[in-house]
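First the structure, in the form of structure tokens, and then the observations on it.
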Amino acid sequence: MQNEKTEIRVSQSFKEPLIFELSQKGKKGYTINNRDLDDISIDLPDKYLRKDLNLPEVSEPEVIRHFTRLSTWNYGIDLNFYPLGSCTMKYNPRINEEIANNSYFLNLHPSLKEKHIQPLLKLIYRLQELLKTITDMDGISLQPAAGAHGELTGIFLIKAYHKFKKNQKDIILVPDSAHGTNPATCTFAGFKVQELKSNKMGLLDIDVLREHLTDQVAGLMITNPNTLGIFEVQIKEISKLLHEKDALLYMDGANYNAIVGKISLKNMGVDVAHLNLHKTFSTPHGGGGPGAGAVVVNQKLKEFLPSPIVEYDSKSNFYYFYKPTHSIGRMKTGLGHIGMMIRALVYILSWGSEIHKIAEYATLNANLIRKELEDVLKVASELPTMHEVVFNHNQLKKLGYETLHLAKALIDYGFHPPTVYFPLIVPGAIMIEPTETESPETIKKFTDAIKDIIKKMEENQENLKDAPKTTFVQRVDEVGIAKNIIVNYFTK
Ligand SMILES: *Cc1c(COP(=O)(O)O)cnc(C)c1O
């Protein structure tokens, strides 16, 4: 039996086929009297009439129930805690949606001229200024569509800088604790990547950095706080070493919620960083929704930023597009993902001068998890935990289980599993990020569920290797799904 304190999934899910399987010839999802259509003649040339669409034919209740039923199979942040590490799946306040859905924003056309979109440009300008203040940097571009796209923008800036200075540099150093997108970005941008092995504590090793820091090195790309959820305390020394060689420091600031309002990127010697607006400053994400990977830079890189940037002329009270002198060009059509900018701005303004509390609550929550679980799981680094905490699989292995078993068993308790097997430098990693929006009560329910599962593993009273058992779809063939994708269903 479950421990009384823990949650368990009890909801019912309905079986539901594909909508194409529900289809029956001649069924309609609308009720319009044919006579009402008599006066409307639609003269579309034949070539525009698609006759081979094969759309499903179902009644209105069937459509509604189909999608509502499918939605009950789904898991989302509005249903329960979403502890994915490295993803920052925080609750997205409803006021964000309310404002982003304002018809003014919804009806704007992407190619409108400056004079027609002054209120929007004012909003973007305000967000640019706030993010520059929050990070203590000199320039910003809100164009990038996501974190990885922000990385690409930042690395292009480093490339443009060295080209401008006629520096022959083609290597970017990346610690082995980096997010997977970092080495991918550098390679995509045409650099050679050299991996730096972290020290025992999970930090960048200064001696290893010294060894690799040749004249060929264009920059270092470091995630801070890193993927072990710990702060790179030697960041100032790191930037000093790099700058002595005119190499630049790129900071992956996707995890900025751990330090927002607490630090100055400029004082740390960072030349360029990206922030994930869709992690640090709310926004619903996951499942491939849009993001926004704002890139902040210091004076060295300011005039290389993508164009346009929104600037303000106080004399004429006019917001206008500015093209930096050596701009790398556009990274995105339009102005970027405006909806994400609006949500980020609302989130920032709703915290106001208390914005540093995001970092405090996020860190406090991660430490609550660490404290609650340190007797049953082994933490990956003894250094202080920031916004997320990583455990290894050692305790589970002793009991004859794997990280995957714990992750799948959590689903039966109504929780989304945490990130598992990442970062790669931790054996069987279990990476948990609670974010600042969760209450201690929710976190305790989650840690109680983990403790309960581990107790069951110890007592060996239940086969946990088959979990989840209470969900509609249970164990799936994950490899098979990835390898044998059925894409031709519609044309069958
Ligand atoms: C999420 C994340 C990224 C990538 O961001 P996307 O928006 O998913 O492209 C990069 N680095 C770190 C450290 C991250 O956590």
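Please read all numbers here as calculations on a predicted model, not as lab measurements. Values below: all heavy atoms of this structure, side chains included; hydrogens, waters and symmetry mates excluded. Counting starts at 1 for both ligands and their atoms, in listed order.
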(request) Look at atom 10 (C) of ligand 1 and say which protein heavy atom is nearest, naming residue and atom and giving the distance to 0.1 Å. (result) E151 OE2, 3.2 Å
(message) Can you report which non-hydrogen protein atom sits closest to atom 3 (C) of ligand 1, along with the distance?
(response) H179 CE1, 3.5 Å
(request) Ignoring angles and geometry beyond distance, decide whether N182 reaches within less than 3.5 Å of ligand 1 through its nitrogen or oxygen atoms. (result) no
(message) Please check this pair: side chain of N392 against backbone of V426, looking for a donor-acceptor N/O pair closer than 3.5 Å.
(response) no
(message) Measuring from non-hydrogen atoms of H149 to any atom of ligand 1, is the shortest distance under 4.0 Å?
(response) no
(message) Is it the case that the side chains of H274 and Y250 hold a donor-acceptor pair, with the cut-off being a distance below 3.5 Å and no angle test?
(response) yes
(message) For a quick test of reading the model, state the closest non-hydrogen atom pair linking Y104 to P119 and the distance between them.
(response) OH-CD, 3.3 Å
(message) Side chain or backbone, does T223 bring an N or O within less than 3.5 Å of an N or O on ligand 1?
(response) no
(request) Using side-chain contact (heavy atoms from CB on, under 4.5 Å) as the criterion, point out the one residue from T435, I432, N255, N257 that pairs with E388. (result) N255
(message) Can you tell me how far apart NE2 (H405) and OG1 (T403) are? Round to the nearest 0.5 Å.
(response) 9.5 Å
(message) I need the contact type for H278 against ligand 1. Using non-hydrogen atoms and a strict under-4.0 Å cut-off, is it side chain, backbone, both or neither?
(response) side chain
(message) Please report whether ligand 1 has a polar contact with H274, defined as an N or O pair separated by less than 3.5 Å (distance criterion only).
(response) no
(message) Can you tell me how far apart CD1 (I450) and CG (L410) are? Round to the nearest 0.5 Å.
(response) 5.0 Å
(request) Look only at interatomic distance and state if A146 has a nitrogen or oxygen under 3.5 Å from any nitrogen or oxygen of ligand 1. (result) no
(request) Under 4.0 Å, heavy atoms only, figure out whether ligand 1 is touched by the backbone of N255, its side chain, both or neither. (result) side chain
(message) Can you tell me how far apart CZ (F81) and NZ (K445) are? Round to the nearest 0.5 Å.
(response) 12.5 Å
(message) Only heavy atoms of T181, strictly under 4.0 Å: list the atoms of ligand 1 that pass.
(response) 10 (C), 11 (N)
(message) Once you restrict to heavy atoms under 4.0 Å, what part of A254 touches ligand 1? Side chain, backbone, both or neither.
(response) side chain
(message) Checking side-chain contact (heavy atoms from CB on, under 4.5 Å) between Q128 and each of T133, L142, L123, which is the one that passes?
(response) L142
(request) Measure the spacing between CG of L275 and CD1 of I140 and express it to the nearest 0.5 Å. (result) 6.5 Å
(message) Against ligand 1, does G291 come closer than 4.0 Å with any heavy atom?
(response) no
(message) Quick check against the 3.5 Å criterion: does S239 have a side-chain atom that pairs as donor or acceptor with the backbone of M268?
(response) yes
(request) Could you tell me whether some N/O pair between N276 and ligand 1 is separated by less than 3.5 angstrom? (result) yes
(message) Show me which atoms of ligand 1 lie under 4.0 Å from any heavy atom of A148.
(response) 4 (C), 5 (O), 6 (P), 9 (O)
(message) Does only the side chain of K279 get under 4.0 Å from ligand 1, or the backbone, or both, or neither? Count heavy atoms.
(response) side chain
(request) Would you kindly say whether H179 and T181 are connected by a side-chain donor-acceptor distance under 3.5 Å? (result) yes
(request) Enumerate the atoms of ligand 1 whose separation from the nearest heavy atom of D252 is less than 4.0 angstrom. (result) 10 (C), 11 (N), 12 (C), 13 (C)
(request) Would you mind finding which of C87, G150, G147 brings a heavy atom closest to atom 6 (P) of ligand 1? (result) G147
(message) If you scan the protein for heavy atoms around atom 8 (O) of ligand 1, do you find one that is closer than 4.0 Å?
(response) no
